[in-house]
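Take a look at the structure below.
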Amino acid sequence: MTIPAAEQKGLRLKTPFALIAFVLMALPVLAGPYRDSAHGNDTFGVNRTALDGRYAAYAVGNCAHCHEMHASLEGVDPAPVTGPVSHALFADSFNSVRTEGPYLETDNFCFYCHSDISGQQVINRDYSATFGGGNIASGPQSIMASFNQTSYHNLYDIWNYLSTDPVYAAWFASRGNPCSACHDSHRAKRNWDSAQSGFPLLSAISLPNGSGSLWGETEVMSAYSGYQAPYAYNPALEPAGIGAQDGSNTPDYVTFCSSCHTPDANITSTTLLRDVKKINWGVIGLGQDKHGELSRDGSDHFREPYAAAATGNSNFLLSCMDCHEAHGSANIMLLRNRINGEDQEGTVTSTDALSYNCKRCHQDDLAATAGTGQADRGDFVQPGAAAAPYAQGTCETCHGVGGGGVPIACGNCHGHGMDDSWLGVNASGRRTF
């Protein structure tokens, strides 16, 4: 379509917004990373109409729903924020003054849509519901709601770590939003929608400083020979138990999470008032974790699907997301509400209740074929199990005077980076998680 110069001038003078909207909606759009992303999709992509009705003239997924070239629309700064901000966004990227939750919608640019308060109100459920077979109505329904729970990834801590770490500081300086640590807003796909072709092999995540590429579409947990996916619900395995999924297409969250959670990283937690625990999920160096690539050492009292798989498998490396949520949880330590196809028995409010977690994969003494028949004793698995590292005659070391009559919480001995050196002369030298 060719518009004569005189008519172009008239259009510019009389109806500047109409012409802009016409051009934006009428010209063909080339496919590419952004158009293939969740934000750029012309059906469910980004849409600021709920914040400013004038954006109904723009196609869904148009860049203008997030970016403002001149902080002006028909001569007026469009809602919700007045004045220009960095990256030509319609609001500040991140409020670094907010060092802890709960978070407000204005604290993070992404929350203007990824919340259940205003804006587009994008639905994003947690991992337990999306891929773990959990009740989709019982947990958080948005990203912001996920962060505003008992435990959460502290956004200020992420922002501070990436801003100061020599590996990431230069890369992060041009972004400034802690969400970009794990997500590329111009490439992330909507992987929870089963109507999309390829689900769940649609990635919403990118490695920090990952050269603008997605992670997890070809980088999957099946690359680890010792990985066994947990149940979503019996007999279907995660992720999501849809079709013939066998867990082999679970993204490689070990490599992904280890981008920050390494044995060398010092990550300060303003929420916990300490550094977060250092994790070694690999086989190199000292202090490898038992649920990582360090081989198991004799115990075989598992629940399914691990019991059957143990026959031909010397090790069970776990994905970080087999136990944890990415954004936040009603439990401490971002622990999932549903693990291995079964809901937690209750809310994990302290390490005393960590057995709720452990019993999703390990047999408990309450099992009919195991141990004492008492819940949460752990005697069947430790020390009564074959090849147990501790002699039963040393029970008082852990359980106090009177031996095994006083159960102790799983969290007393088990957790990231823990070993049994605290037992002194009775220590076996083994990692305990």
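One is the number of the first residue; the rest follow in order along the sequence.
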(request) For residues K278 and T262, determine if any side-chain heavy atom of one lies less than 4.5 Å from a side-chain heavy atom of the other. (result)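 No; the side chains remain at least 4.5 Å from each other.
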(request) Evaluate the side-chain proximity of S203 to N191: yes if any heavy-atom separation is below 4.5 Å, no if none is. (result)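 When only atoms from C-beta onward are counted, S203 and N191 do not touch, as no gap falls below 4.5 Å.
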For [X] and [Y], work out which heavy atoms get closest and say how close.
X: A229; Y: P305; result: O-CG, 3.6 Å
X: I143; Y: F111; result: CG2-CE2, 4.2 Å
X: P208; Y: A181; result: CG-O, 3.1 Å

Verify the ring-centre separation between [Y] and [X]: is it less than 6.0 angstrom?
X: F316; Y: Y227; result: no
X: F172; Y: Y168; result: no
X: H416; Y: W281; result: yes
X: Y156; Y: F94; result: no

Quick one: do the [X] and [Y] side chains pair a donor with an acceptor below 3.5 Å?
X: N154; Y: T270; result: yes
X: Q344; Y: R338; result: no
X: D275; Y: T268; result: yes
X: D419; Y: S421; result: yes
X: S115; Y: E105; result: yes
X: S142; Y: Q121; result: no
X: D252; Y: T255; result: yes
X: N108; Y: N177; result: yes

(message) Quick one: does any side-chain atom of T351 pair with a main-chain N or O of L354 as donor and acceptor, under 3.5 Å?
(response)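 Not a single qualifying donor-acceptor pair exists.
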(message) If we ignore hydrogens and angles and just use 3.5 Å, is the side chain of Y112 paired with the main-chain N or O of F90 as donor and acceptor?
(response)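 Not confirmed, Y112 side chain does not pair with F90 backbone.
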(request) I would like to know whether D289 and R431 meet salt bridge (charged side-chain N to carboxylate O under 4.0 Å, His left out); could you show each step before the answer? (result) CA-CA 6 Å; D289 274 323; R431 300 291 287 183; 3.1 Å; yes
Mutual orientation of the aromatic rings belonging to [X] and [Y] [parallel < 30°, tilted 30-60°, perpendicular > 60°]:
X: H65; Y: Y55; result: tilted
X: F256; Y: Y253; result: perpendicular
X: Y103; Y: Y152; result: perpendicular

(request) Tell me, please, whether Y34 has R187 positioned over its six-membered ring: NZ or CZ under 6.0 Å from the ring centre and within 45 degrees of its axis? (result)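 Judged by the rule, R187 and Y34 form no cation-pi pair.
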(request) Give the C-alpha distance, both sets of side-chain angles, the deciding distance and a yes or no for side chain to side chain contact (heavy atoms under 4.5 Å, CB included) between E74 and V76. (result) CA-CA 6 Å; E74 296 182 312; V76 178; 5.8 Å; no
(message) Run Y127 and H324 through side chain to side chain contact (heavy atoms under 4.5 Å, CB included) and show every step you take.
(response) CA-CA 8 Å; Y127 199 93; H324 295 285; over 6 Å; no
(request) Could you walk me through whether D126 and H327 pass side chain to side chain contact (heavy atoms under 4.5 Å, CB included), step by step? (result) CA-CA 8 Å; D126 61 19; H327 301 119; over 6 Å; no
